[in-house]
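Because the structure is predicted, anything quoted here is derived from the model rather than measured.
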Protein chains: 2
Amino acid sequence: MADLADLAGVSKITVSRALADSPLVNIRTRTRVQELAREHGYKLNVSARNLRLRRSHTIAVIVEMKPSSDRTMWDPYPLTLLGGISQELTSAGYSVLLTTRQGSSAAAVQAADGVILLGQGVRQDAVRLYDKLGLPMVVWGAKSVGDSHVVVGSDNRHGGISVAERFVSIGRRHPVFIGNPDHPEIAERLHGFVDELARHNVKPLLMRRDEFTLSSGVDAVHSLSRRKARFDSIFACSDLLAMGAIRALVELGHQVPSDVSVVGYDDSPLGASFLPPLSSVRQNWQEGGMLLARKVLALVEGQPAESEMLPTTLVVRAT
Amino acid sequence: MADLADLAGVSKITVSRALADSPLVNIRTRTRVQELAREHGYKLNVSARNLRLRRSHTIAVIVEMKPSSDRTMWDPYPLTLLGGISQELTSAGYSVLLTTRQGSSAAAVQAADGVILLGQGVRQDAVRLYDKLGLPMVVWGAKSVGDSHVVVGSDNRHGGISVAERFVSIGRRHPVFIGNPDHPEIAERLHGFVDELARHNVKPLLMRRDEFTLSSGVDAVHSLSRRKARFDSIFACSDLLAMGAIRALVELGHQVPSDVSVVGYDDSPLGASFLPPLSSVRQNWQEGGMLLARKVLALVEGQPAESEMLPTTLVVRAT
DNA sequence: GCAAACAATGATATCGATAACTTGATATCG
DNA sequence: CGATATCAAGTTATCGATATCATTGTTTGC
């Protein structure tokens, strides 16, 4: 920057101001400096700027990304959220520091101005871990009472309710829930589902399955059939589970949806083009990501931010 | 750090050295300082360190992430690569700056020590754009002659060859290729496929399809059938395309694999649990990500790095 | 017993930008 | 016409760490 200053015949500070497009600098000097900078391929040193401003203009996004067959690997979920986040942050001049929850890369995270946590972890453990950093933090997931941090998520409870309403309205009396209620989000879905059914004196069967995979869905239905359970509808906590369930039902000679109704969750493109096209609860991830980003930015700039739940809608297709 | 120095009764520089575990500092002072730092929750200022060291310990990873129905959104592809990259980088003390190719977030990228580019762009445009930054760069994709930068990818040509060999060996004479050869990687697959078939005097039919979606696969087969093309085998450039193709074939009354053999690409978990289980060309993304990371790091540290292609294997299942 | 080697620590300058304050020149007003 | 605003640019200090060179005491070797 000093070199540029010499070239332009002004002082460093004027260059700094000119490049920041500050009105403190005469418009002619300003453009002259900017052009010189472009010609000579001048690149601002971001570290120096960060040091002086005590801001890194960076938000750490922490993703649970296990190299397993768990959902995070190949559901649209994380990427779509990330897309929304990244879109909103870059347009605000921030960048995304991607961190996976494995080694303690805390050193890097603490340089960020704020934290977005995708997935609370099975028992809020992730939340507690990163809360210690003392940075503005926004979490994607379910809101539980007494949370100190801001939570953005979709209205899982309402998702569960809407499926229950649907099942009741088409006369189903023996519903099954497939999923892992250790995840706070899933627990919410289950509660909504159970509560709404209870209003109609229906009690669902809980098939606990930890994985969100297709084969896990297949397995759940086989297990139901083995123990001769009576059921006429299935609410699965992901589209993959639902697709697995349908496959198993078909194999066992059941008709979908005449014998058994099935509803999935996430409304993934894959589910929509499944045969038969899957009914599913839709949540808007893109929007969710953008909201997450806006909330952290608000916190970073010292403004208040409230937790918020995005609406969910039941998309009824052929199952 | 100055405060810590006062607390410990030493100078700043000794604290700095102690925290870096430098042998220049007496082992007792060193541990004393480290303990004080822990007690008082001291956090190193990363920006200051970066400024002084002229290193950000950050690698920019640039992903093409369009909010469309394009493959990148819900194939396992980017996330698995990212997983490998992130794993390798964090364990080397680097962090990942995630950038999507949309707004020119060049300001942030230029702070990185190196760049990993996922996807060359349809006509190498992305490569050229980021080459200008003058940073060490490694690209995931296909190697074309005269590339100045390091390319890591899987051996797409061999992938194509292995499918051709398979088709020939089971007596197929009328193969179809479905995909978009504008992507350099896809072009390689096509060339390998065509060349190997040519050695047996077989000429495949090219069904150009730009999208990598399931419905695109359905559509390709419908189109083949409409124009009454004669074919007995299909090589689709992604598992989704292959699954779409199979669905269309079944709808049209063809038997898979007795009438028509189908092979996909990527060996995704989804394909493996498809009905019938999909034959597919496997490439190891996790490994690819790690390799990308290792190569940039080598470049960043001034060591040479060569382009490298990972092996692919044809996994024959039921199609 | 004294020079040389070594170990432990410190003083200072530096990385590259920007905030806060200051200076000088010109414009505006009663 | 002098006092004050306004504008444009410059001076200096600062963000928090670390490299370089300097200093002090201690040990070793002949």
Side-chain angles (χ1 to χ4, degrees), chain A residues 1-34 36-37 40-58 93-95 106-113 133-135 300-302, chain B residues 1-34 36-37 40-58 93 95 106-113 133-135:
Chain A
M1 193 172 258
D3 298 350
L4 247 188
D6 287 350
L7 276 167
V10 295
S11 69
K12 287 194 302 175
I13 189 67
T14 303
V15 173
S16 172
R17 290 201 263 245
L19 294 180
D21 233 356
S22 153
L24 285 173
V25 178
N26 187 303
I27 182 83
R28 291 181 48 204
T29 357
R30 217 191 300 170
T31 50
R32 189 160 51 89
V33 170
Q34 290 171 354
L36 276 172
H40 294 262
Y42 168 78
K43 304 248 167 65
L44 186 114
N45 182 317
V46 181
S47 300
R49 177 209 181 92
N50 288 348
L51 172 58
R52 181 68 239 238
L53 296 181
R54 301 148 147 279
R55 276 284 193 87
S56 62
H57 288 276
T58 290
Y94 278 72
S95 32
V109 172
Q110 78 195 14
D113 295 337
L133 289 176
L135 291 171
V300 166
E301 315 207 326
Chain B
M1 194 171 257
D3 298 351
L4 248 187
D6 286 350
L7 276 168
V10 295
S11 68
K12 288 193 301 175
I13 187 69
T14 303
V15 173
S16 171
R17 289 201 264 244
L19 294 179
D21 234 356
S22 154
L24 283 174
V25 178
N26 186 305
I27 182 82
R28 291 180 48 202
T29 2
R30 217 191 298 169
T31 50
R32 189 159 53 88
V33 170
Q34 289 171 354
L36 276 171
H40 293 260
Y42 167 78
K43 304 248 169 62
L44 187 115
N45 182 316
V46 181
S47 300
R49 179 209 181 89
N50 288 347
L51 172 58
R52 182 67 240 236
L53 297 180
R54 300 148 151 282
R55 276 283 194 86
S56 63
H57 289 277
T58 290
S95 34
V109 172
Q110 79 196 12
D113 295 337
L133 289 176
L135 290 172

- Item | Minimum side-chain heavy-atom gap His40(A)-Asp3(A) below 4.5 Å | no
- Message: Just so I know, are the side chains of Leu19(B) and Tyr42(B) near enough to count as touching, which here means a heavy-atom distance under 4.5 Å?
- Response: yes
- Considering heavy-atom distances to DNA chain C, does Arg54(B) or Gly9(B) have its closest nucleotide positioned more toward the 5' end? Gly9(B)
- Can you tell me how far P of dG16(D) sits from CD of Gln110(A), to the nearest Å? 14 Å
- Query: Can you check the Arg17(B) CZ to dT9(C) C1' distance for me, whole Å?
  - Reply: 7 Å
- Could you check Thr14(B) against Lys43(A) and say which one's nearest nucleotide on DNA chain C is further toward the 5' end? Thr14(B)
- How about Arg32(B) and Arg28(B): do any of their side-chain heavy atoms sit closer than 4.5 Å? no
- Ile27(A) CD1 to dA8(D) P, straight-line distance once rounded to whole Å: 10 Å
- Using a cut-off of 4.0 Å on non-hydrogen atoms, how would the nucleic acid contact of Leu24(B) be classed: base, sugar-phosphate, or nothing? base
- Message: I'd like to know if the side chain of Arg30(A) reaches the main chain of Val25(A), judged simply by a donor and an acceptor atom lying under 3.5 Å from each other, with no hydrogens or angles considered.
- Response: yes
- Message: So Val25(B), base contact, sugar-phosphate only, or nothing? Heavy-atom distance under 4.0 Å.
- Response: sugar-phosphate
- Within a strict 4.5 Å, meaning less than it, do heavy atoms of the Asp21(B) and Gln34(B) side chains meet? yes
- Item | Closest-nucleotide ordering on DNA chain D, the 5'-leading residue of Ser11(A) and Leu51(B) | Ser11(A)
- Message: Given dA17(C), dA20(C), dT20(D), identify the nucleotide with an atom nearest to the side chain of Ile13(A).
- Response: dA20(C)
- Across all strands shown, which nucleotide pairs with dT6(D) by Watson-Crick or G-U wobble geometry, both distances under 3.5 Å? dA25(C)
- Note on the structure: Checking dT18(C), dT9(C), dA9(D) against the side chain of Ser16(A) (C-beta onward), the nearest is dT18(C)
- Task: Look at the side-chain N and O atoms of Tyr42(B) and state whether any lies under 4.0 Å from the OP1 or OP2 oxygen of dG16(D).
- Result: no
- Note on the structure: Separation of dA19(D) atom P from Leu19(B) atom CG, nearest Å, is 13 Å
- Query: At under 4.0 Å between heavy atoms, what does Arg52(B) touch on the DNA or RNA strands: base, sugar-phosphate, or nothing?
  - Reply: base
- Task: Find the distance Asp21(A):CG to dA8(D):C1' and express it as a whole number of Å.
- Result: 16 Å
- So what does Thr29(A) hit on the nucleic acid, given a heavy-atom distance under 4.0 Å: a base, only sugar-phosphate, or nothing? sugar-phosphate
- Message: What is the separation between atom CG on Leu53(A) and atom P on dC15(C), rounded to the nearest whole Å?
- Response: 19 Å
- Message: Distance check needed: dC15(C) P versus Asn45(A) CG, whole Å only.
- Response: 11 Å
- Query: Between Arg30(A) (CZ) and dA9(D) (P), how many Å, whole number?
  - Reply: 10 Å
